[in-house]
Q: 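Have a look at this one.
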Amino acid sequence: MESLIQNILNALQWGSFYSLIALGYCLVYGVLSLINFAHGDIFMAGAYFAFFGATFLLGKTGVIPPGMPGWAVLALTIPISMILTSALGVTLERVAYRPLRRKGAHKLYVVITALMCGLVLENGNLALFGASRKNFPTLVPQIVYSLGGVSVTNLKVAVILVAVLSFLFLHYVVGKTKIGMAMQAISYDRFAVPLMGIPTDTVIVFTFVLGSSFAALAGVLFAMSYPVLDPFMGALIGWKAFIAAVVGGIGSIRGAFAGGFLLGFVEIMVVAFFPSTFRDLIAFSILLLILSLKPTGLFGVARRTKI
Amino acid sequence: MLLEIRDLRVKYGNIEALHGISFHVEKGEIVTLIGANGAGKTTTLHSIMRLPPPEAPKVLSGDILFEGMSLLSTEPHDVVRKLHVALVPEGRHIFGNLTVMENLTLATYARKDGASAISADLDRVFDLFPRLAERRNQRSESLSGGEQQMLALGRALMSKCQTLLLDEPSMGLSPLLMYEMFRTLKRLNEQGLTILLIEQNARLALRFAHRGYVLDTGEIVASGSSAELAADPAVKKAYLGG
Amino acid sequence: MRRCIVPLVTVSLLGLILAASVTDAINFYWQSVLMFMGINIILSTSLNLVNGNMGEFSCGHAGFMAVGAYVSSVLAVALFAPGGFLGGPYLPGYLTVFAFPLLLLAGGLAAAVTGLLVALPSFKTRGDYLAIITIAASYIIKSTIENVGAVGGARGFMGMAKITSAMTEVWNIPWMMLWVFAAVVFTLVVIRRYVSSTFGKGVDAVRQDEIAAEIMSVDTDRVKLVTFMLSSGLAGIAGGLFAFVLGYINPGSFTIIKSTEAMVMVYLGGMGSISGAALSAVAFTLLMEVLRPMQVGKWVIIPMMLILLMQFRPEGFFGHRELTDIFPGLRRLLGREESGK
Amino acid sequence: DTLKIGFNIPLTGDIPDVGESSKNAAELLKKQVNAAGGVEIGGKKYTLDFVYEDNESKAESALSAARKLITQDKVIGMVGPQSSKQAVPAGETANELKTPMIAPWSTNPNTTKNRPYVFRACFLDTFQGPVAAMFAKQEFSAKKAAVLYDIASDYPKGLAEDFKAAFEKINGPGSVVAFETFTTKDVDFSAQLTNIVKSGADVLFVPQYYNEVPLIVKQAKALGWKNPILGSDSWGSGDLMGLCGDDCKGFFFVTHYAAAGAQGATKDFIDKYQAAYTKTPDDVAALTWDAINLLLTGIKNAGVTGDVAKDREAVKDALQKVKDFDGITGKMSFPSGGDPVKCAVVVKIDEQGKFSFFKSVCP
Amino acid sequence: MALLDVVNLTRDFGGLRAVCEFETRFEGRELLGLIGPNGAGKTTVFNVVSGFYAPSAGEILFQGKSTAGLKPHKVTALGIARTFQNIRLWFDLSVLDNIRVSQYYHLEYGLWDCFLRTERYKRREAAIAANAHEILEALNLAEYAGELPKNLPYGLQRRVEIARALSVKPKLLMLDEPAAGLSSADVDDLIKLIGWIHKEFDLAIWMIEHQMDVVMKLCTRIQVIDFGQTIADGTPLEIQANPDVIKAYLGDDAI
Ligand SMILES: Nc1ncnc2c1ncn2[C@@H]1O[C@H](COP(=O)(O)OP(=O)(O)OP(=O)(O)O)[C@@H](O)[C@H]1O
Ligand SMILES: Nc1ncnc2c1ncn2[C@@H]1O[C@H](COP(=O)(O)OP(=O)(O)OP(=O)(O)O)[C@@H](O)[C@H]1O
Ligand SMILES: [Mg+2]
Ligand SMILES: [Mg+2]
């Protein structure tokens with residue numbers, strides 16, 4: 001029983017990361033119908049930006065004097081990482097995706113470009129900063145609360161909370177604001193969007209800013225929870241988060257959120273009760289089962305074609 | 001002069017679609033462009049709206065003037081929000097994943113006037129097309145063809161435009177609605193709306209418009225008042241049908 | 001006369017390569033590169049059927065490859081390897097020469113059946129949903145292999161080298177080169193015949209407008225099923241060859257990375273173009289080898305080159321065209337009249 | 001004239017530090033030898049020419065790299081791959097192409113099994129596993145042990161099984177109360193660790209690489225693990241302390257040599273290495289150093305004729321005859337095939353974060 | 001036995017009844033019109049008959065056999081072909097290939113024939129190509145056989161779509177607003193074409209159209225629906241004079 005509760009907490013934390021990353025996938029997909037395969041690596045970049053930001057602020061680079069308290073460093077690191085990561089996301093959009101869109105390239109070519117951008121980010125990082133792993137400094141001391149055999153840390157609680165709040169925020173933005181409506185409109189028919197007086201590119205850039213900054217947020221939290229950073233840290237979790245987003249119903253914010261937690265739960269519970277080698281096997285079989293019962297995912301709506 | 005096209009040449013990829021056309025629209029006028037399929041009518045409207053490639057053409061030479069100012073470096077959304085031009089595009093291009101109501105709301109994206117003006121316009125659209133009011137919460141992709149056309153028109157009317165470009169607005173509408181629509185447009189024109197109309201039913205278009213131009217494979221081959229064009233035997237033979 | 005050109009060229013090319021290999025004019029390393037090139041050609045042209053012609057987005061090609069690789073090598077080792085597991089050998093070594101194509105086909109068949117299982121959900125979903133069905137399927141395949149201890153689980157499976165050396169004992173020629181070459185020819189012929197038939201044109205129709213295809217009498221489910229199975233079966237054959245060329249396989253070799261490589265080759269060449277896919281497989285393999293000394297740099301340069309290429313040719317090298325469309329002279333030479341012209 | 005030696009090492013991929021260390025050690029040795037004019041063989045000086053091939057820490061790349069080194073670069077012998085995941089398949093190719101290969105760091109028995117051309121410079125898992133089990137028993141008086149390992153990698157899997165067998169032999173069947181697995185590249189071990197904490201084990205054995213250990217240790221502590229954690233030789237490589245920080249202090253691991261407090265040739269190597277790269281050489285560096293020297297010894301003993309195939313054959317024969325080779329990680333002989341007989345060291349991570357010698361265990 | 005017998009057809013979308021107890025009957029080779037206000041349910045009737053939607057209630061009998069549960073391609077194979085309100089050609093297949101693919105049901109060879117290029121394969125492919133050429137010839141499209149439909153003007157695309165529908169050798173051809181988007185001159189051609197096809201190909205035609213000259217000139221009988229229900233049924237003259245129809249649909253053309 002205790003270990004069940006413990007594992008539920010574990011799953012909530014792990015699912016939070018899937019959810020946060022899936023939300024970013026979902027935002028970009030929701031607007032451009034583009035599977036932004038670079039998103040996992042944008043998440044990685046977020047973690048690295050946070051790493052550099054934090055070591056800089058902690059005074060390890062010698063530019064500013066050491067001695068800033070950990071919580072202040074964290075409070076500054078998060079926005080720094082979010083801004084830099086957004087800049088990265090927007091750069092990708094400007095340099096790689098937008099020209100292709102302008103040329104009317106097939107959607108899948110943009111997807112492949114995204115995949116390539118991801119590879120460049122991963123390996124560029126490796127080439128630039130070398131192969132050694134980076135250790136994310138401990139900014140806020142970890143406090144372990146033990147409640148009758150169940151251990152919770154302050155970090156775990158924070159991660160879960162952030163994921164839920166991010167979801168609520170994005171849900172509001174996409175569902176209830178005019179710019180959110182514009183985002184949905186772009187996904188359906190980009191041609192007619194400027195006819196409504198909507199600056200398409202601005203909305204798209206806004207989307208990338210939103211998606212990337214939430215990836216950065218996930219990156220910071222991830223780096224704090226799993227403080228060994230490596231250039232490929234975003235690849236696997238990125239793919240899986242994408243799968244989670246699709247199972248939730250790609251393009252739907254609710255779906256991405258639910259899908260992320262679903263995957264987190266299945267993975268943790270499989271490992272807890274079966275040999276861990278069955279994890280992918282069982283997790284993905286369950287997801288496939290869901291998709292074959294509900295082909296558009298949990299919350300997705302099929303694009304119906306009127307003939 | 002509200003809108004003037006000067007010697008406009010445009011191309012899609014490597015294919016020139018307009019070979020230097022010139023025409024103009026005065027404020028408060030209804031002008032129609034008629035011509036066979038593929039003559040370049042839609043291309044002209046897309047050029048005026050400054051829509052980006054690949055769907056829209058690239059300007060090779062010539063100029064598009066709006067109240068004397070060149071539009072060539074204007075962004076399409078600025079054509080809508082700053083110059084108050086609206087286009088009802090060929091093929092409707094409604095946002096199928098949004099409901100009817102959301103489609104109409106989105107059209108007010110650039111509007112700065114208050115909620116009451118917007119809701120008055122909404123009432124006007126629903127008056128004209130009661131069917132839309134019935135379907136207001138339906139995802140618009142499942143509307144029937146004609147209903148989608150109504151929505152496309154309604155959207156343009158919601159944007160508080162002063163110049164309206166219409167690309168085959170009657171396509172797929174029932175005769176009753178088509179006449180109703182033209183009557184409404186006429187009324188709006190009397191209230192000051194300028195209209196540039198493309199219509200396959202040339203006879204109808206010439207009945208409705210003040211002036212007209214005949215476009216043939218990217219060139220203007222005839223122009224004049226509607227009555228003149230309707231009486232021109234060459235035009236009659238080629239475009240008005242038997 | 002014209003009809004003979006293609007077979008003639010093919011046979012003399014094979015002779016040339018074999019001769020060069022036997023005399024060590026191209027050393028073992030470059031022989032392997034050539035063989036991987038052939039394997040990549042099969043991979044990319046087969047994936048091209050689904051991703052190019054059918055316009056689906058399958059990201060799990062490596063999974064089918066894994067099925068083929070494991071089935072054919074496990075069968076081979078069980079049947080022929082001296083001291084192989086399952087208490088073999090059951091058949092004398094010289095039979096390998098004849099049995100090898102059958103082993104490959106068995107792998108291909110197994111992969112095709114797996115493809116069938118993946119294709120079934122594709123009747124309901126399309127596009128990006130299918131993308132994850134295929135990814136998930138490839139994860140499931142990989143995970144399943146990892147859980148089968150008898151074939152080495154995650155640690156991989158070996159022993160295929162014994163089969164290839166058994167072949168050379170019969171006759172000392174670079175057998176694997178021969179098999180790869182034959183498989184490439186087989187693949188290209190099968191795919192070309194498929195897509196140029198009216199049956200295969202149905203695939204294009206499904207891509208462009210599935211609803212119209214269904215209503216215009218195309219049995220879209222069947223088309224999708226057959227195409228999927230054909231594509232995954234060929235990938236299985238490629239997997240079998242991969243296993244024997246390498247002499248060692250492990251589930252980690254068949255990850256998303258491998259699928260990504262296959263996708264890159266398809267889109268580099270141009271969706272739906274067989275010659276594009278084949279040529280880009282050649283180019284890609286060479287590039288990977290030539291840039292090997294750059295180490296990490298390779299994985300920065302290659303994607304960068306691709307990104308740049310996409311900017312200049314957003315439809316891949318060949319677009320939707322074939323080599324014969326670009327050089328009409330070639331078509332005349334091949335004596336192939338394009339239907340409809 | 002030159003002697004061409006190939007290196008099949010993971011410069012990119014999962015454990016790049018391992019590749020870097022290997023390359024560092026090799027470069028150091030090359031500079032030293034070439035500065036002295038080269039190695040003298042049969043009265044002639046040969047300069048060293050090292051070819052580094054990246055195996056991306058992938059099995060099939062290790063194979064291709066081996067093929068390339070052997071058939072394209074025509075090296076006389078090959079050093080590496082380092083981890084068993086690559087060394088096991090690459091060994092097959094080297095053996096088949098009749099080229100001597102020395103895997104410095106691969107402890108899995110299969111690497112050299114039935115392969116006359118394949119050697120290694122380290123002890124085996126079948127030795128290391130029992131050493132760890134004994135140590136757990138003696139030092140912590142552990143009756144119940146837990147293991148967490150990567151099932152998808154040869155080295156941890158083999159070692160975990162060897163440890164389990166040895167521990168259960170000492171403490172009776174079922175005394176390994178949790179035998180939890182994960183897969184390469186996992187970062188979250190919370191579910192496994194929850195089981196381990198619940199199992200009530202006295203010690204946790206983690207035969208994992210330096211990049212995974214910090215995550216495991218930290219998560220274990222967050223989930224309430226308070227008992228000792230015992231590691232294997234893979235802890236010693238790379239930047240373990242830089243990644244793990246205070247969390248790893250006080251734990252023990254089995255390894256090939258202890259840098260802190262070394263003497264003689266070992267100290268000499270450590271000093272030079274530190275001077276060149278400003279860091280303490282890890283066991284991979286040390287073992288690579290030994291492996292190269294081993295190979296050079298073999299070449300010296302065999303002599304060089306210029307016919308690569310003949311030389312390779314001769315080097316293999318010479319290597320099999322090597323006795324009491326005095327390496328910086330200990331004395332080595334090859335009485336039975338490619339596996340050396342040598343001692344293991346247990347190291348404690350002290351309060352300064354140094355790997356200090358704790359005790360030595362010999363076969 | 002009637003060619004097509006639609007009995008009591010109803011189709012709901014959620015709470016919306018798009019088609020309500022619709023009935024029609026083709027005795028032989030008639031040319032019927034189906035008209036009605038926008039959203040009346042005309043296209044939905046076509047969709048149900050062509051098997052794209054399942055009926056919520058009612059039955060469709062084609063040559064006496066029910067089409068219930070048949071997939072669209074099976075329905076088409078029975079001899080019901082259609083065109084679409086918005087053109088749905090395969091725009092990146094040549095015109096000829098468009099026509100070839102739509103004879104899919106008449107392939108009569110298997111996958112192995114295709115791989116092995118058997119005699120049967122060659123014979124069938126030749127027959128299919130010949131048939132395609134014949135149809136293109138008949139519709140004056142021969143010169144465009146190698147073109148991609150996306151490069152053709154709208155009027156020709158409509159014509160290709162009709163050619164494609166004809167290539168399945170239908171007994172009933174359903175045309176959904178064939179004149180939409182055509183210029184006045186093209187409309188005249190279309191009227192002639194449909195009339196000619198009706199005679200020449202010996203088939204029944206069922207047509208939805210909002211342009212009254214087309215319907216009135218061509219149809220022998222016209223059925224008018226509104227809100228999914230039939231409000232009138234008769235000859236063109238009767239319909240034009242029917243006050244209900246004028247009120248709901250025709251209106252008066254004073255601008
Ligand atoms: N996106 C495009 N890409 C390439 N060529 C195009 C494109 N759109 C139109 N064209 C070509 O430009 C020419 C003019 O087309 P346009 O659509 O302007 O004609 P139109 O007069 O509006 O015809 P219709 O009556 O059919 O609407 C045609 O030859 C057409 O093939
Ligand atoms: N898939 C669907 N889901 C929900 N409602 C639908 C769907 N398809 C059609 N409808 C509704 O059913 C009604 C009938 O649609 P239908 O397309 O049959 O009209 P129609 O008679 O063809 O009209 P038009 O002349 O405008 O093409 C419309 O009000 C439409 O909104
Ligand atoms: Mg037009
Ligand atoms: Mg309709």
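Lettering of chains follows the sequences in order, A, B, ..., and the numbering in each one begins at 1.
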Q: Side chain, backbone, both or neither: which part of A:L115 has a non-hydrogen atom closer than 4.5 Å to chain C?
A: side chain
Q: What part of C:L120 lies closer than 4.5 angstrom to a heavy atom of chain A: side chain, backbone, both or neither?
A: neither
Q: Any donor and acceptor pair, going by atom type alone, linking the side chain of C:S143 with main-chain N or O of A:F278 inside 3.5 Å?
A: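 Flag not set: sc C:S143 to bb A:F278 has no pair under 3.5 Å.
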Q: Please round to the nearest 0.5 Å and tell me the distance separating atom OG1 of C:T134 and atom CG of A:L288.
A: 9.5 Å
Q: If I measure from the heavy atoms of chain A, does C:L306 come under 4.5 Å with its side chain, its backbone, both, or neither?
A: side chain
Q: Just how far is it from atom CG of A:L108 to atom CZ of C:F57, taken to the nearest 0.5 Å?
A: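 One finds 5.5 Å between CG of A:L108 and CZ of C:F57.
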Q: Using heavy-atom distances under 4.5 Å, tell me whether C:I256 contacts chain A through its side chain, its backbone, both, or neither.
A: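 Contact with chain A is through the side chain of C:I256 alone.
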Q: Would you mind telling me which of C:I132, C:L130, C:I135, C:I133 makes a side chain to side chain contact (heavy atoms under 4.5 Å, CB included) with A:V246?
A: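 Passing option: C:I132.
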Q: Tell me whether A:F299 at atom CZ has more than 12 heavy atoms from other residues, nucleotides or ligands lying less than 6.0 Å away.
A: yes
Q: Would you compute the distance between atom CH2 of A:W239 and atom OG of C:S138 and round it to the nearest 0.5 angstrom?
A: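 It is 8.5 Å, given to the nearest 0.5 Å.
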Q: Decide yes or no for A:M116 and C:T260: does some side-chain heavy atom of the first lie under 4.5 Å from some side-chain heavy atom of the second?
A: yes
Q: Heavy-atom pairs under 4.5 Å with chain A are the metric here; pick the option from C:I140, C:V300, C:I302, C:N51 that has the most.
A: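 It is C:I140.
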Q: Does any heavy atom of chain C fall under 4.5 Å from the side chain of A:I35, the backbone, both, or neither of them?
A: side chain
Q: So which heavy atom on A:L291 is nearest to which on C:Y129, and how close?
A: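 Of all heavy-atom pairs spanning A:L291 and C:Y129, the closest is CD2-CD2, 4.1 Å.
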Q: Mind checking the CZ-OH spacing from C:R313 to A:Y109? Nearest 0.5 Å is all I need.
A: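 Answer for the CZ-OH pair, C:R313 versus A:Y109, is 9.5 Å.
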Q: Relative to chain C, which segment of A:V110 carries a heavy atom at a distance below 4.5 Å: side chain, backbone, both, or neither?
A: neither
Q: A side-chain contact here means heavy atoms from C-beta on lying under 4.5 Å apart; do C:Q311 and A:K103 qualify?
A: yes
Q: What's the spacing between A:L281 CG and C:I145 CD1 if we round to 0.5 Å?
A: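 Going from the CG atom of A:L281 to the CD1 atom of C:I145 covers 11.0 Å.
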Q: Would you find more than 12 non-hydrogen atoms of other residues, nucleotides or ligands less than 6.0 Å from A:F274 atom CZ?
A: no
Q: Select, from C:E146, C:M271, C:M263, C:M304, the one with the greatest count of heavy-atom pairs under 4.5 Å involving chain A.
A: C:M271
Q: Could you label the plane-to-plane angle of the C:Y139 and A:F284 rings as parallel, tilted or perpendicular, counting under 30° as parallel and over 60° as perpendicular?
A: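 Ring orientation, 0 to 90° scale: parallel.
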Q: How many angstroms lie between CE in C:M310 and CD1 in A:I112, if you round to the nearest 0.5 Å?
A: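 Reported value, rounded in 0.5 Å steps: 6.5 Å.
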